[in-house]
Amino acid sequence: MKSKRPNKKKLGHPRRVLRLPDLDHAKTAVLNTLLSLDSQRAYRFAMDDFIAWYCSEPRLAFNKTVVLRYKLQLESRHLASSTINLRLAAVRRLAYEAGDTGLLSPELAAGIRRVKGAKRLGLRLGNWLTAKEAKALLDCADIQTLRGKRSRAVLALGLGCGLQPIRAGAPDHWSSCKEGKSTGR
């Protein structure tokens, strides 16, 4: 008599290569977690861009190396670091949701989440005013005249936005104020 072996259920092993329906399912899950319409729009655009790139490449496994290649592709398009970081954040969330739904192994999802973003470069250059110097610049406008009030408002706006006096269009105000002259013009 033949002994029957117990039926072993096939365990659904997470896939390495995700197809378009899998990615769409994970994308929908990500978008459902976002409350803001602007965030949904930005993430949808970023995920659609990644999915288009991913599906255009021949049979790539969805792992950390692929996401690093995507990052290099974004950098080669000369996108700003904040744009690259936003798109990578969307891909990380896509991997997280794919891992949660069983489409991707937790190890692969964790590897993708460890991909570093683009470095933000930039330095503050030039002569920045101290708070005392900024107050002195504002106080040198003659607020008794209409033109002086306007000058003070423009200077306050420029200083509030972090503009230097020369960029704010007020080098003559600053130089004459340093000499002790009031400028109301």
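Treat the numbers as computed from the prediction; the structure is a model and nothing was measured. Side-chain atoms are counted along with the backbone in the values below, which use heavy atoms only and exclude waters and symmetry mates.
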Query raised in the report: Of Asn63, Val67, Leu68, which is the lone residue that meets side-chain contact (heavy atoms from CB on, under 4.5 Å) with Thr65?
Result: Asn63
Report task. Using side-chain contact (heavy atoms from CB on, under 4.5 Å) as the criterion, point out the one residue from Phe50, Tyr43, Tyr54 that pairs with Leu94. Result -> Phe50
Query raised in the report: Is there a path from Tyr96 to Leu86 through hydrophobic residues (I, L, V, M, F, W, Y) whose side chains come within less than 4.5 Å of each other?
Result: no
Requested in this report: Is it possible for you to say whether Leu108 and Ile51 belong to one hydrophobic cluster, with membership spreading through side-chain heavy-atom contacts below 4.5 Å?
Outcome: yes
How close do [X] and [Y] get, counting heavy atoms only, and between which atoms?
X      : Y      : value
Arg152 : Ile143 : CD-CG2, 3.5 Å
Trp53  : Val66  : CH2-O, 3.5 Å
His25  : Leu103 : CD2-CD1, 4.1 Å
Cys55  : Leu23  : SG-CD1, 4.4 Å
Gly99  : Ala109 : CA-CB, 4.3 Å

Rounded distance (nearest 0.5 Å) linking atom [atom1] of [X] with atom [atom2] of [Y]:
X      : Y      : atom1 : atom2 : result
Leu74  : Asp49  : CG    : CG    : 6.5 Å
Gln73  : Arg87  : CD    : CZ    : 9.0 Å
Lys132 : Thr130 : NZ    : OG1   : 7.5 Å
Met47  : Lys27  : CE    : NZ    : 6.5 Å
Ile84  : Lys119 : CD1   : NZ    : 13.5 Å
Leu37  : Arg44  : CG    : CZ    : 9.0 Å

**Report entry** Phe62 and Ile112, any side-chain heavy atoms less than 4.5 Å apart
**Finding:** yes
Backbone N/O of [Y] and side chain of [X]: donor-acceptor pair under 3.5 Å:
X     : Y      : value
Asn85 : Ala118 : yes
Glu97 : Ala29  : no
Asn32 : Thr28  : yes
Thr83 : Leu79  : no

Requested in this report: Please indicate whether Leu146 has more than 12 foreign heavy atoms, meaning atoms of other residues, nucleotides or ligands, lying under 6.0 Å from its CG.
Outcome: no
Query raised in the report: Taking NZ, NE, NH1 and NH2 as the nitrogens, is one of them in Lys135 or Asp139 under 4.0 Å from a carboxylate oxygen of the other?
Result: yes
Requested in this report: Decide side-chain hydrogen bond (donor to acceptor under 3.5 Å, both in side chains) for Arg93 and Thr33; before the verdict, give the C-alpha distance in whole Å, the side-chain angles of both, and the deciding distance to 0.1 Å.
Outcome: CA-CA 10 Å; Arg93 288 283 294 267; Thr33 63; 2.5 Å; yes
